Participant: 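I am attaching a structure below and will ask some questions about it afterwards.
Letters A, B, ... are given to chains in the order of the sequence lines, protein chains preceding strands, and every chain is numbered from 1. None of the values given here were measured: they were computed from a predicted structure. The figures that follow rest on heavy atoms only: side chains count, while hydrogens, waters and symmetry mates do not.
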Amino acid sequence: MDENNKIKVTLPDGGVREYPAGIALMDIAKDISPRLAREALVAKVNGQLTDLARPLERDAAVAFLTFEDEEGKQVYRHSTAHVMAQACQKLFPGVKFAIGPAIADGFYYDFDTTEPFTTDDLGVIEKEMEAIIKADLPFERFEYTRPDALDLFGKAGQDYKVELIEDLPVDAPLSVYRQGDFTDLCMGPHVPSTGRLKSVKLLNVAGAYWRGSEKNKMLQRIYGTSFPKKSMLDEYLFRIEEAKRRDHRKLGAELELFSIQDEGPGFPFFHPKGMILRNELEKFWREEHAKRGYSEIRTPIILSRSLWERSGHWDHYRENMYFTKIDEGDYAVKPMNCPGGIIVYKSKLHSYRELPIRMAELGLVHRHELSGALHGMMRVRCFTQDDAHIYMLPSQVKDEIIGVINLDEDIYKVFGFPYHVELSTKPEKAMGSDEIWEMATNALRDALETRGIDYKVNEGDGAFYGPKIDFHLRDTLGRTWQCGTIQLDFVMPEIFDLNYVGEDGQKHRPVMIHRTIFGSLERFIGILTEHFAGAFPAWLAPVQARVIPITGRHAAYAQEVTDSLSGKGIRVEIDTRNEKINYKIREAQAQKIPYMLVVGDKEAENKTVAVRQRAKGDLGAMPLADFEAMLLEEISTKSY
RNA sequence: GCCGAUGUGGCUCAGGGGUAGAGCAGCGCACUCGUAAUGCGCAGGCCGGGGGUUCGAAUCCCCCCAUCGGCUCCA
């Protein structure tokens, strides 16, 4: 390239600048502004993330990314992961490196070590990282041929890197990054030098299987995060602490909603207040389903082994099931409701005129989840699915799927939380031919596209009998949990020889949908608790109002108010304890009761109540009847 | 199930080889009070369970169990 050649650089603001060909991106940043040079972490050249040290040879659109940009942030964290790996290389000679990506809010790196890391090691590693950062080592990029790279990492004993290279396409370009004495296979890009990294915090260690398969060796994963400013790190750590305060397990105990006890790991207890919440949800659910032409059934929890053999659960789901013996016979506790529901369908002959049949069941299922997987109400070993099975003509499939999607959206809307949708395809352990799976998967995809819903594909994650659309909700720490699901099934109707009588008087095979909206009452209540931080909307609140007499003198009027509210179907409590008003309010606030009704001399005299709303505070006095009307309206509209 | 951590009264936590402490909650008494903690007193724990070391174990060691954070799995 001729030194005298000029190239044109187009910046995001549309401005065009000329530079000599071969100029380093960093020098362009410096030319634009010293501040940009200081803050830029990486460049985007024609949409391609690129190290700042690399030269620019021809005309290009260039953008400089800082920590404020999502991609800049990822590069920052990824570079931090490399620094952590370098620290581990020094502290734990012989350690092997697997992968170390940036993730939401941080990064991790997986190591193969002779001794597992302990929490104490984190501090030591952090110290070493600080030294590396202080040394301000440049991140240098090198291109390698495949044989050279294999030789480099092979000689270094880096088996995982060798495996990674072997799995790359033969003609793929290989890049290697080096800072100081640490060399890693990496696509890059990276920040210019380790000195760019400021506030680093290693958060925890965890075992993680190589390539995510439990068949592989368990590696040691260290999670951490990093920020360009200490204050940002502190704020992040504070946010995590904040989030823990909304943890449904903590709130469940504090608000006396539910609990999990040592006597029943994974088997939740619903306490009186949690039952109110649950019953309200069920009531709402029944209303919405009745409106949409669903009937409701209930099937037994224990059914014979032969049924589970026929359904395929025996072959595909046995390790998750509980078994029992009755007299001489083998039985299983149901892990799913479908076989029971199918028996109901088969109990009589069906005409094509009846279809679609939408049969719902709040079914209690038991599944043996791995002990380490249990998580509050989010993952338990017995739970109530708000299940339904839809039996339909092949021609009705698309409309029925869309109908379920609409129901999902309508119901989630009432709670106002965000969700995302995934489409899961055929798993390894599956029943049914590829053609059937293909057809079913296309039907789901088609319905999603018709409704214009954004979704992500989750390969191999379908149920063993069919592909599915999943609705994922977010908990307070950002973890997502599958709740609603729509599973299209051509397999069960076949195995169970389901049929309906068609127009032609002949038997035909219906198609089935398995679906849930809440997913499970338990998980949904967990999500709901965290979403509202325990401050449930009035229609769900276990106690909707608490009457607080100022002194014992006002107990009679307080009782009158309580009786009146209670007579109108409002869930109300009275606090006649011999305590000061501040104390009683504090406690009612802590219980997140939507309304506190303070009554003293003035209120007793005027037949009013002094209303305090848990979020808005003191609303002043109003006639009791007005308050009742207001609250009843709030309840019936399910406002939040 | 796997890796790491944790387990002390209802809750939050201190103690760390010599036989258990605080605050809050609970109970009793006094105060009769106007929008987030009135004061005093009382009661409450075989320190997750089982083994071992020791004259002596909540404390040290081993094995379980449960929980927390991940991995895997899933509603």
Participant: Heavy-atom count around E235(A) CD within 6.0 Å, excluding the residue itself: above 12?
Facilitator: no
Participant: Between A36(B) and R612(A), counting only base atoms on the nucleotide and side-chain atoms on the residue, is there a donor-acceptor pair under 3.5 Å?
Facilitator: yes
Participant: If the P atom of C40(B) is compared with that of G1(B), how far apart are they to the nearest Å?
Facilitator: 50 Å
Participant: Give every pair of a protein N or O atom and an N or O atom of nucleotides 5-8 of chain B that lie under 3.5 Å apart, one pair per line with the distance.
Facilitator:
none

Participant: Ignoring hydrogens and angles, does a donor from either the side chain of R523(A) or the base of C74(B) sit under 3.5 Å from an acceptor on the other?
Facilitator: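 Side chain to base: pair found, below 3.5 Å.
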Participant: Considering only NZ, NE, NH1 and NH2 on the basic side and carboxylate oxygens on the acidic side, decide whether R577(A) and E587(A) come within less than 4.0 Å.
Facilitator: yes
Participant: Establish, yes or no, whether the cationic atom of R221(A) lies under 6.0 Å from the six-membered ring centre of Y108(A) and within 45° of the ring axis.
Facilitator: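 Yes, R221(A) and Y108(A) form such a contact.
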Participant: Between G10(B) and E256(A), counting only base atoms on the nucleotide and side-chain atoms on the residue, is there a donor-acceptor pair under 3.5 Å?
Facilitator: no
Participant: For A36(B) and C29(B), measure between their P atoms and round to the nearest Å.
Facilitator: 28 Å
Participant: Please determine whether any donor N or O and acceptor N or O are separated by less than 3.5 Å between the side chain of R367(A) and the base of C74(B).
Facilitator: no
Participant: Partner lookup for C47(B), please. Criteria are Watson-Crick or G-U wobble with both distances under 3.5 angstrom; report none if nothing qualifies.
Facilitator: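 Base-paired to nothing in any strand shown.
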Participant: What distance, rounded to whole Å, do you find between the two C1' atoms, one in G16(B) and one in G10(B)?
Facilitator: 25 Å
Participant: Checking salt bridge (Lys or Arg N to Asp or Glu O under 4.0 Å) against E361(A), which of R298(A), K334(A), R286(A) comes through?
Facilitator: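 Option passing the salt bridge (Lys or Arg N to Asp or Glu O under 4.0 Å) with E361(A): K334(A).
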Participant: Determine the Euclidean distance between corresponding C1' atoms of C74(B) and A5(B); express it in Å to zero decimal places.
Facilitator: 25 Å
Participant: What nucleotide, of A75(B), G1(B), C33(B), holds the atom closest to the side chain of K580(A)?
Facilitator: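 When the side chain of K580(A) is considered, C33(B) is the closest of A75(B), G1(B), C33(B).
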Participant: Compare side-chain N and O positions of Y583(A) against OP1 and OP2 of A25(B) and report whether any pair is under 4.0 Å apart.
Facilitator: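 So the side-chain polar atoms of Y583(A) do come within 4.0 Å of the phosphate oxygens OP1 or OP2 of A25(B), strictly under.
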Participant: Under the criterion side-chain hydrogen bond (donor to acceptor under 3.5 Å, both in side chains), I'd like the reasoning laid out for R278(A) against T384(A): C-alpha separation, chi angles, the key distance, then a yes or no.
Facilitator: CA-CA 11 Å; R278(A) 181 181 169 131; T384(A) 304; 2.9 Å; yes
Participant: With the side chain of I260(A) defined as its heavy atoms from C-beta on, choose the nearest nucleotide among U67(B), U72(B), C3(B).
Facilitator: U67(B)
Participant: Decide if atom NZ of K201(A) counts as having more than 12 heavy atoms of other residues, nucleotides or ligands within a radius under 6.0 Å.
Facilitator: no
Participant: Measuring only the P atom in each nucleotide, how far is A37(B) from A43(B)? A whole number of Å is fine.
Facilitator: 29 Å
Participant: With the side chain of E369(A) defined as its heavy atoms from C-beta on, choose the nearest nucleotide among G4(B), G69(B), A75(B).
Facilitator: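 So the nucleotide nearest the side chain must be A75(B).
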Participant: Could you check whether Q220(A) gets within reach of a base, just the sugar-phosphate, or nothing at all, counting any heavy atom under 4.0 Å?
Facilitator: sugar-phosphate
Participant: Has the side chain of R221(A) got a donor or acceptor atom sitting under 3.5 Å from an opposite partner on the base of C71(B)?
Facilitator: no
Participant: Quick one: the side chain of Y209(A) and the base of G70(B), do they pair up donor-acceptor inside 3.5 Å?
Facilitator: no
Participant: When you get a sec, tell me which of G1(B), C74(B), A66(B) is the closest nucleotide to the side chain of P265(A)?
Facilitator: A66(B)
Participant: Any carboxylate oxygen within less than 4.0 angstrom of a Lys/Arg side-chain nitrogen, looking at K456(A) and E422(A)?
Facilitator: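 Looking at K456(A) and E422(A), the cut-off is met.
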